[in-house]
Amino acid sequence: MNHWLMKSEPETFGINDLAARPARTEPWDGVRNYQARNMMRDAMRPGDPIFFYHSNCAVPGIVGIAEVASAAYPDPTAFDPRAQYFDPKSDPAKPRWYLVEVRYVRHLRRVISLAELKTYAERELAGFPLVRPGNRLSIMPVSPAQWTLILGLEDRAKADG
DNA sequence: GCCAACGTTGGC
DNA sequence: GCCAACGTTGGC
């Protein structure tokens with residue numbers, strides 16, 4: 001089993017939107033980055049846990065937990081000329097873009113902010129893409145040790161810095 | 001809103 | 001295949 005972190009902008013589709021979906025599940029469409037696609041298509045399995053991360057907002061950070069809810073399949077929005085993420089180069093016979101469905105599990109009891117996570121960037125979270133400057137990956141793997149450390153922060157008093 | 005980082009595109 | 005231009009991401 002692999003662990004993951006997936007970013008989403010709360011004004012576009014936040015964790016509350018996911019929780020409000022039928023079956024609390026949503027196809028993670030619109031990913032148009034090859035690294036992110038490869039992780040969904042080649043490495044994600046149903047049941048894999050996901051940190052749900054809010055980006056591009058007042059307090060970017062991990063806000064909840066979700067899980068992979070389907071195997072990967074071609075992203076239908078890539079074939080739809082009216083869709084925002086239409087890609088004319090993606091051929092249904094040889095799809096370029098894939099997605100997995102994501103299911104809400106729970107909110108964290110508090111937001112674990114990016115600022116807080118960065119305080120571990122030199123040690124426990126060294127090598128974690130999220131805390132590396134300039135990183136823009138919207139989907140990234142989380143090692144078991146990183147997962148345990150981050151989740152362990154949930155009920156701890158917020159470290160400053 | 002600014003802008004740095006960085007992936008993609010396309011001319012050559 | 002190089003690389004400049006361009007677009008996007010996302011923190012601040």
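Note: hydrogens, waters and symmetry copies are ignored here, and every other heavy atom, side chains too, is used. Residue numbers begin at 1 in each chain, while the letters A, B, ... track the order of the sequences.
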Just list the side-chain donor-acceptor pairs under 3.5 Å for residues 54-65 of chain A, sequence neighbours left out, or say none.
residue, atom, partner, partner atom, Å
A/H54, NE2, A/I15, N, 3.1
A/N56, ND2, A/E9, OE2, 3.2

The criterion is salt bridge (charged side-chain N to carboxylate O under 4.0 Å, His left out); which residues satisfy it with [X], sequence neighbours excluded?
X: A/R109; answer: A/E154, A/D155
X: A/R96; answer: A/D87
X: A/D17; answer: none

Residue set satisfying ring-ring contact (aromatic ring centres under 6.0 Å, His included) with A/Y53, at least two apart, ordered chain then number -> none

ring-ring contact (aromatic ring centres under 6.0 Å, His included) filter on A/W97, not counting sequence neighbours, yields A/Y34

Indicate, with a heavy-atom threshold strictly under 4.0 Å, whether A/L137 touches base, sugar-phosphate, or nothing. sugar-phosphate

Terminal axes of the helix from B/dG1-C/dC12 to B/dC12-C/dG1 (5 end pairs apiece), angle rounded to 10 degrees, sit apart by 10°

Residue pair A/G134/A/R96 against DNA chain B: nearer the 5' end by closest nucleotide is A/G134

| Are any non-hydrogen side-chain atoms of A/Q35 and A/M140 less than 4.5 angstrom apart? | no

Only pairs under 3.5 Å count here: list side-chain donor-acceptor contacts from residues 125-138 of chain A, not counting sequence neighbours, and write none if there are none.
residue, atom, partner, partner atom, Å
A/R132, NH1, A/G127, O, 3.0
A/N135, OD1, A/L137, N, 3.2
A/N135, ND2, A/P129, O, 3.3

At a 4.0 Å cut-off to heavy atoms of chain A, the contacted part of DNA chain B spans B/dA5 to B/dT9

